[in-house]
Each structure stands twice: as structure tokens, then as C-alpha cells.
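Labels below follow one simple rule: chain letters A, B, ... track the order of the sequence lines, proteins then strands, and each chain is numbered from 1.
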Number of protein chains: 2
Amino acid sequence: MPRTKAQQREATMRALVDEGTRLFAERGYAAVGLAEIVRSAGVTKGALYHHFGSKEELFRAVLRRVQSDVADQVAAAADAEPDTWTQLTAGCRAFLTASSGRSARRIMLIDAPAVLGWNEWRAMDEAASARHLEEALAALVEDGSIPDQPVAPLVRLLSGAMNEAALWIAQSDDPGALDATDRALTRLLHALRAD
Amino acid sequence: MPRTKAQQREATMRALVDEGTRLFAERGYAAVGLAEIVRSAGVTKGALYHHFGSKEELFRAVLRRVQSDVADQVAAAADAEPDTWTQLTAGCRAFLTASSGRSARRIMLIDAPAVLGWNEWRAMDEAASARHLEEALAALVEDGSIPDQPVAPLVRLLSGAMNEAALWIAQSDDPGALDATDRALTRLLHALRAD
DNA sequence: AGCGATACATACCGACGGTACGTGAAAAGT
DNA sequence: ACTTTTCACGTACCGTCGGTATGTATCGCT
């Protein structure tokens, strides 16, 4: 049991976000009641509503952490690469791996757009990961690696492609699905290159 | 007022699916109560539960019709083209146009995966439209227009790209978003071509 | 020590999905 | 033609769930 109020607050919120993440990932937002979440977290509904304004807001907090985790893994993979092009391909592969995990799959890719609406989901996705994709593509267009073209539509196309691919990989019983998708995606990115 | 029972059944189910489509498209599955649907359709909950086993099953019926409408538009556009390659590009453009409409956007692309789960959504999407994409790509690989490669991952990537792009187009206040996306997608498809 | 703010816990409410049961008209059987 | 069955509902009701109002113990500050 933590002593100070700040610690107590931190512990309670963390427990709620932890259990929320676990349960939402397992059975989906709509199928999980607040009663079960607070019970699993060892608190009551009073505690939940003291820290979060609604079930939706708890979900927001859960989503933020899931997106943050995915973004960290992508950033780590990209930072290990020397140039923009390999940063892009390595980042894409890391994104496929990270977002086909249980939590990211259900929470970030399936439930989030329906619960928060597409506009808000897109804004959060943009801030967490799509922005890096956009920057990488813009840099590649800038240095002539990719023919000059508007990047915004391209970012949406590639982002959507990877999101859907991650869902497919996660569901697939074929262990080679990740590699097959990664190869197809890399081929697609290479096809974009200027000669 | 229809006389026969079959006509009555048909009229009631159609009214429920019509109003369900309208309301789900406007405010989303979770935000619409059955009371409002049956009220708009001019029937009662008894009628709804006589024809549909649950709110979810009504949504299934709604989704089936929305997907069918989109598939019809895509098929019509593709059938007007002479060869496989232009059928593919024309079909993709038709898909972007059709699925960025109000009903398809919210029902087919946002709510459906969350309500029915990704597996069921994918199965329905496959049957309605992704199958045609797969056939077109397979044909193009077959005749050597596209380098030999597994089509399954490519279908998922392109399908996801188009779904996300449709959502972006629908939300965008830029009237040129559709054309810009179509150009980017066409460029991407062309980049796939064997030399 | 006293006092306000904070971090809860408890009791309760309205809405919503779903069910049980009743009813009247069409269809089927004789 | 008359009875019987089935169908297409309508009505009343129930349990659950998200959300709220209110009470209370503890912490931190003066």
C-alpha cells in the first residue's frame, strides 16, 4: 500500500488502465462492463469515476498507452538503421509485429475507431505513428528517392495497408504470415522508388 | 397495407433494415437504441425480434445490403472495362467512391469489425468484394503483368489501403481528395507492374 | 490541532437489450 | 364451410450496465 496521495493516485490509475487493457483486448470494449474492470483492479466504480470521466475516457487512456508502446517499438527499430530508406522498411516491419499483438490488435485497430469515431482515432494515430511515416516519405520525396507526388494520400494508403495487414497477421494461423506480408510490403515500397 | 403474410413480412423487414441503415450510418451502432429503430420503422420490438434474433443480427442484415450495394457499383464499373488491368483500376476507383458514402463508411468500415469481430467482418468482406480483387490480381500474376508473388498478402495490403483511403476521403473537406487518392493508388498499382 | 482537499466507497437511477406471453388474422387441413 | 394451426406481430416486464449523488476516511498544509 502506497503512502502518499500521488502514489495512491498513480497506483489506482495504473491498475485500472492495466486491467482495462487486458479485458478490452480479450473481449472488446462493448463486451466488458465497468463492474468487471473495477473488480479486477481491486477498486470500486467510485474510484474509476474519480479519475476518469466515463468508460470512454478510460478507453482513451488505455489506447494512449497501447499506441505509445507500439510507437516505441517502431521508433527503436527505425533508430537502429542508418538511412531514411532502411528506417522506413525497418519501421514498417516493427509496426506489423507490434500492432499484431493482442492488445494493439483489438484495442487500437478494431475498437478504437468505433468507440471514439474515426476523426479522433485518426488524430491519435497521426500523433503516435502515422506522423513518422509521413516524415519518412516526405524525406524520401525530398531527396528524390521517390518520385515527386503528394504524400498525404500515400500516407493514408500505406497506413491503412499496414493496419489491415497487422489484423490479418494476428488472425492467421500461418506463422509465415508476418514474413510474407513484410516481403509484399517491402516489394510495394521498392516499387515506389524512382529509377 | 399488404395483404399476404409474405408481403407483410417483406415490408416489415425492409422497413427495419432501411431505418437501421439510416440510423446506424448517422450515429453509429452503439448510439442507436432499438426503441428508436422500431419507432422510425413504424413497428414494435416484438416485430423486430420476430424477424431478427438480436440487435447484432439486424446489423448483419444491414451490413449485407450495404456491402451488396458497394459490390454492385464496383462490378458495374469493372464490367465496363475491356481488360483485366483497367478492370482493376476502374474497380478500385469505384470502390473508393462507393465506400466513402455515408452508409458504407460508418457501417461497413468503422462499426462492422467492432460489432461482429474481425474474423466475421473479413469473411463477409471477402465474399462481397475482396474476392474480386484477389481474382484480378491472380489473373494479372498469371499472365505476367505482375511479377510472380503470393497474392494473399497483397490483397490484404491493397484492401486495407483502400478501406482507409475511403475513410479519409469521406472525412476530408478537400473535394480533390478522391482524385488525389485515386492517382496515388493507380501509381502504386502501376509500380507493381512487371517491366 | 484544525481544516480543506483528495481519494475513494456505497446506494441508487434511467436506459437499453432481451424475453414471456397474449392476440388477431392468414393459411392449412378436413 | 368450418376448424385448427401457424404466423406476425404487440405489450408488459426483467436484468444489466453506464452514470450519478452522496457519504467518509485519509492526506497535506498551516
Side-chain angles (χ1 to χ4, degrees), chain A residues 1-24 26-63 107 111-112 114-117 120, chain B residues 1-24 26-63 107 111-112 114-117 120:
Chain A
M1 287 282 265
R3 288 245 152 275
T4 107
K5 283 206 171 183
Q7 284 172 334
Q8 180 74 15
R9 179 187 178 87
E10 170 66 23
T12 301
M13 290 181 73
R14 168 179 291 258
L16 285 168
V17 172
D18 280 350
E19 292 306 305
T21 303
R22 190 176 62 82
L23 291 166
F24 287 153
E26 271 175 15
R27 303 208 305 277
Y29 178 81
V32 177
L34 294 181
E36 186 176 0
I37 296 178
V38 298
R39 186 175 141 270
S40 299
V43 295
T44 63
K45 276 209 286 190
L48 194 157
Y49 276 93
H50 180 70
H51 294 291
F52 302 95
S54 62
K55 185 187 183 186
E56 192 179 305
E57 216 176 276
L58 172 64
F59 182 79
R60 260 188 206 94
V62 167
L63 175 60
I107 293 168
D111 280 343
V115 173
L116 304 179
E120 184 175 348
Chain B
M1 287 282 264
R3 288 247 151 274
T4 108
K5 284 201 175 185
Q7 285 172 333
Q8 180 74 16
R9 179 187 178 88
E10 170 65 21
T12 301
M13 290 181 74
R14 167 178 291 257
L16 284 169
V17 172
D18 280 350
E19 292 307 304
T21 303
R22 191 176 63 82
L23 291 166
F24 287 153
E26 269 175 17
R27 304 209 303 277
Y29 178 81
V32 178
L34 294 182
E36 187 177 359
I37 296 179
V38 298
R39 186 176 141 270
S40 298
V43 295
T44 64
K45 275 209 285 193
L48 195 158
Y49 276 93
H50 180 69
H51 294 292
F52 303 96
S54 62
K55 186 187 182 186
E56 191 178 306
E57 216 176 277
L58 172 63
F59 182 80
R60 259 187 206 96
V62 166
L63 174 60
I107 294 169
D111 280 342
V115 173
L116 304 179
E120 184 175 348

Whole angstrom value for the distance that separates C1' of D/dG19 from CG of A/Leu58: 14 Å
Value in whole Å for how far the P atom of D/dG18 lies from CD of A/Glu36: 10 Å
Provide, to the nearest angstrom, the distance between the NZ atom belonging to A/Lys5 and the P atom belonging to C/dA7. 6 Å
Any side-chain heavy-atom pair from B/Phe24 and B/Leu63 closer than 4.5 angstrom? no
Once each nucleotide of nucleotides 11-18 of chain C is scored for protein heavy atoms under 4.0 Å, what B/S/- sequence comes out, 5' to 3'? ------BB
Would you say B/Thr44 reaches D/dT11's phosphate, i.e. side-chain N/O to OP1/OP2 under 4.0 Å? no
Can you tell if the side chain of A/Gln7 reaches within under 4.5 Å of the side chain of A/Glu10, non-hydrogen atoms only? no
Could you state the CZ-C1' distance from A/Arg9 to D/dA25, rounded to the nearest angstrom? 18 Å
Quick check on C/dC8: is either OP1 or OP2 less than 4.0 Å from any side-chain nitrogen or oxygen of A/His50? no
Output the rounded distance in Å from CG (A/Leu48) to C1' (C/dT10). 15 Å
When you measure from the side chain of A/His51, which nucleotide among C/dA7, D/dG28, C/dA9 comes out closest? C/dA7
From CZ of A/Arg39 over to C1' of C/dT10, roughly how many Å is that when rounded to an integer? 18 Å
Would you say C/dA26 has OP1 or OP2 under 4.0 Å from some side-chain N or O of B/Gln8? no
With rounding to the nearest 0.5 angstrom, report the CD1 to CZ distance, A/Ile37 to A/Phe52. 10.0 Å
Provide, to the nearest angstrom, the distance between the CD atom belonging to B/Glu10 and the C1' atom belonging to D/dC9. 16 Å
Min side-chain heavy-atom separation A/Arg22-A/Asp18 under 4.5 Å: no
Ring-plane angle category for B/Tyr29 and B/Phe59, please: parallel below 30°, perpendicular beyond 60°, tilted otherwise. perpendicular
Considering non-hydrogen atoms only, spot the tightest contact between B/Val17 and B/Ala61 and give its length. CG2-CB, 4.1 Å
Does some side-chain heavy atom of A/Val38 sit less than 4.5 Å from a side-chain heavy atom of A/Val43? yes
